[in-house]
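Here is the structure we will look at.
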Amino acid sequence: MPGIIDAYRSYLPVTDKTPTLSLHEGDTPLIHAPKLSRELGIELHLKFEGLNPTGSFKDRGMVMAVAKAAEEGARSVICASTGNTSAAAAAYAARMDMQCYVLIPDGRIALGKLAQAVMYGAKIISIDGNFDEALKLVREISASEGIALVNSVNPYRLEGQKTAAFEVVDTLGKAPDILCLPVGNAGNISAYWKGFREYRSHGKMDTLPRMWGIQAAGAAPLARGLARVDEPETLATAIRIGAPASAILARQAVNESAGLFDMVTDDEILDAYRKVAQDGVFCEPASAAPIAGLIKLHAAGKLAAGLQVVAVLTGNGLKDPNIALQAVKVQPTQASADLASVLSALR
Ligand code: F0G
């Protein structure tokens with residue numbers, strides 16, 4: 001596939017004037033997870049969004065947001081980010097010769113994501129505040145300086161991201177029983193729900209999935225039924241967000257689908273993160289939250305046997321190597337470069 005705009009053109013708000021823009025985002029695999037399926041007594045498939053061009057699901061929304069910004073004559077884009085949004089924005093902006101400005105929480109974004117934004121030539125401003133504060137600032141700057149805002153409050157972002165729901169249905173031939181995903185700023189759960197409803201209205205499927213949104217316990221306003229959490233904290237920095245911008249849409253998705261919000265601790269996230277790797281997929285910590293949620297709900301007897309479940313693994317594990325090395329405290333064994341030493345190290 002040539003990227004989501006071409007693949008799903010008739011479902012997207014594109015016109016003859018929308019520039020051709022693609023890094024071949026989308027068309028990500030749905031990978032069966034045999035060991036986790038067995039452990040949980042379900043049929044679990046992993047929608048591995050880490051295989052997008054910048055390594056996260058953000059590419060789907062960003063290709064749309066940047067193409068539409070260019071169509072509308074913008075010369076620059078701005079976003080707040082816990083890392084992945086900035087990587088995607090910077091990549092697509094570079095491609096369109098647009099300046100990209102990003103605001104990030106100082107010291108709280110994964111190294112790989114920062115490296116991406118740097119390589120793609122973004123102007124990076126690191127603030128001594130969290131994502132929520134950064135988002136508030138970029139909203140103001142966008143309005144006063146006339147710079148296109150490409151956070152998921154930009155409706156084109158959700159339009160692009162809804163294509164992941166289309167792909168899940170195209171692959172399975174129907175919707176799964178449950179679609180489980182991590183929730184931070186709550187754009188993605190809203191986008192999936194929009195995508196499923198639209199695809200059904202086009203006759204592509206009969207039943208809708210239940211939407212299960214999983215938050216990190218230290219950053220879980222939706223799971224706790226709160227309007228906001230003031231000092232969000234979690235090692236899954238991608239979802240370290242206290243005031244989700246799309247909270248209303250996300251609650252609608254969960255209510256209308258008879259789904260749920262739940263939350264998992266950092267230890268539960270790390271445990272799930274290691275387990276996903278044992279099914280051969282390396283995702284980033286935030287992406288393991290839905291797996292941790294499934295494990296928790298299974299243990300509580302709330303995950304019926306035999307269900308078909310899709311968990312969205314939103315980002316690639318290579319983005320955050322530091323957490324991987326902390327999570328699995330294994331150091332390489334040192335050996336001399338000769339057969340005997342290496343063999344003895346192997347044993
Ligand atoms: N997973 C990953 C890997 C993310 O980067 C994000 C959000 C989410 C899940 C949550 O998605 O916000 O739509 O509920 N990352 C944003 C960013 C906030 O700046 O990259 P959401």
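All of these numbers come straight from a predicted model, not from anything done at the bench. Numbering of ligands and ligand atoms starts at 1, following listing order.
Contact annotation for I241 and ligand 1: only side-chain heavy atoms (C-beta onward) come within less than 4.0 Å of the ligand. Neither the backbone nor the side chain of L181 has any atom closer than 4.0 Å to an atom of ligand 1 (non-hydrogen atoms only).
Among residues two or more places apart in sequence or in another chain, the ring pair (Phe, Tyr, Trp, His ring centres under 6.0 Å) test is passed with H45 by H32.
Judged by distance alone, the side chains of E49 and T28 do bring a donor and an acceptor atom under 3.5 Å apart. N84 and Q116 are not linked by any side-chain donor-acceptor pair at a separation below 3.5 angstrom, with hydrogens and angles left out of the test. A side-chain donor-acceptor contact under 3.5 Å links T314 and S287.
Among all protein heavy atoms, the one lying closest to atom 20 (O) of ligand 1 is T85 N, 2.8 Å. Of the protein's non-hydrogen atoms, F57 CZ, 3.5 Å is the one closest to atom 11 (O) of ligand 1. Closest to atom 13 (O) of ligand 1, if we only count protein heavy atoms, is N188 N, 2.8 Å. For atom 7 (C) of ligand 1, the nearest non-hydrogen atom of the protein is K58 NZ, 3.0 Å. The nearest heavy-atom contact from the protein to atom 12 (O) of ligand 1 is N185 N, 2.7 Å. In terms of protein heavy-atom proximity, atom 1 (N) of ligand 1 is nearest to T314 OG1, 2.6 Å.
Of all atoms in ligand 1, listed by their number and element, those nearer than 4.0 Å to a heavy atom of I239 are 8 (C), 9 (C), 10 (C). Each of the atoms 13 (O), 14 (O), 21 (P) of ligand 1 lies under 4.0 Å from some heavy atom of G187. Ligand 1 places these atoms under 4.0 Å from at least one heavy atom of S81: 17 (C), 19 (O), 20 (O). Of all atoms in ligand 1, listed by their number and element, those nearer than 4.0 Å to a heavy atom of T82 are 15 (N), 16 (C), 17 (C), 18 (C), 19 (O), 20 (O). Taking every heavy atom of A238 and a limit of under 4.0 angstrom, the matching atoms of ligand 1 come to 2 (C), 3 (C), 4 (C), 5 (O), 6 (C), 7 (C), 15 (N), 18 (C). Every atom of ligand 1 with a heavy atom of V183 under 4.0 Å away is listed here by number and element: 14 (O).
The pair E198-K194 meets the salt-bridge criterion, since a charged nitrogen lies less than 4.0 angstrom from a carboxylate oxygen. Here K275 does not pair with D279 in a salt bridge; the nearest charged N to carboxylate O distance is not below 4.0 Å. Here E72 does not pair with K68 in a salt bridge; the nearest charged N to carboxylate O distance is not below 4.0 Å.
Formation of a donor-acceptor pair under 3.5 Å by the E71 side chain with backbone atoms of A69 is not found in this model. Here the side chain of T82 pairs no donor or acceptor atom with the backbone of I239 at under 3.5 angstrom. Side-chain N or O atoms of N316 include none that pairs as donor or acceptor with a backbone N or O of K319 at under 3.5 Å.
Taking distance alone, with nitrogen or oxygen atoms compared against 3.5 Å, G315 stays at or beyond that limit from ligand 1. Note: an N/O pair closer than 3.5 Å links G184 and ligand 1 by distance alone. Considering backbone and side-chain atoms together, N84 places an N or O closer than 3.5 Å to an N or O of ligand 1. In terms of N/O distances under 3.5 Å, ligand 1 is approached by A186. In terms of polar-atom proximity, E284 is not counted as a contact of ligand 1, lacking any N or O under 3.5 Å from an N or O of the ligand. Residue S287 places no N or O, backbone or side chain, under 3.5 Å from any N or O of ligand 1.
Within the structure, the closest approach of S56 to ligand 1 does not fall below 4.0 Å when heavy atoms are considered. The shell of residues lying under 4.0 angstrom from ligand 1, judged by heavy atoms, excludes N151.
F261 has its side chain within reach of R251: a pair of non-hydrogen atoms, C-beta onward, lies under 4.5 Å apart.
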Which pairs would a plain distance check flag for residues 93-110, meaning a side-chain donor or acceptor within less than 3.5 Å of a matching protein atom at least two apart in sequence or in another chain?
{"unit_1": "D106", "atom_1": "OD1", "unit_2": "S126", "atom_2": "OG", "d": "2.9"}
{"unit_1": "R108", "atom_1": "NH1", "unit_2": "E233", "atom_2": "OE2", "d": "3.3"}
{"unit_1": "R108", "atom_1": "NH2", "unit_2": "E233", "atom_2": "OE2", "d": "2.5"}

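Ring planes of F282 and Y273: tilted class, angle from 30 to 60°.
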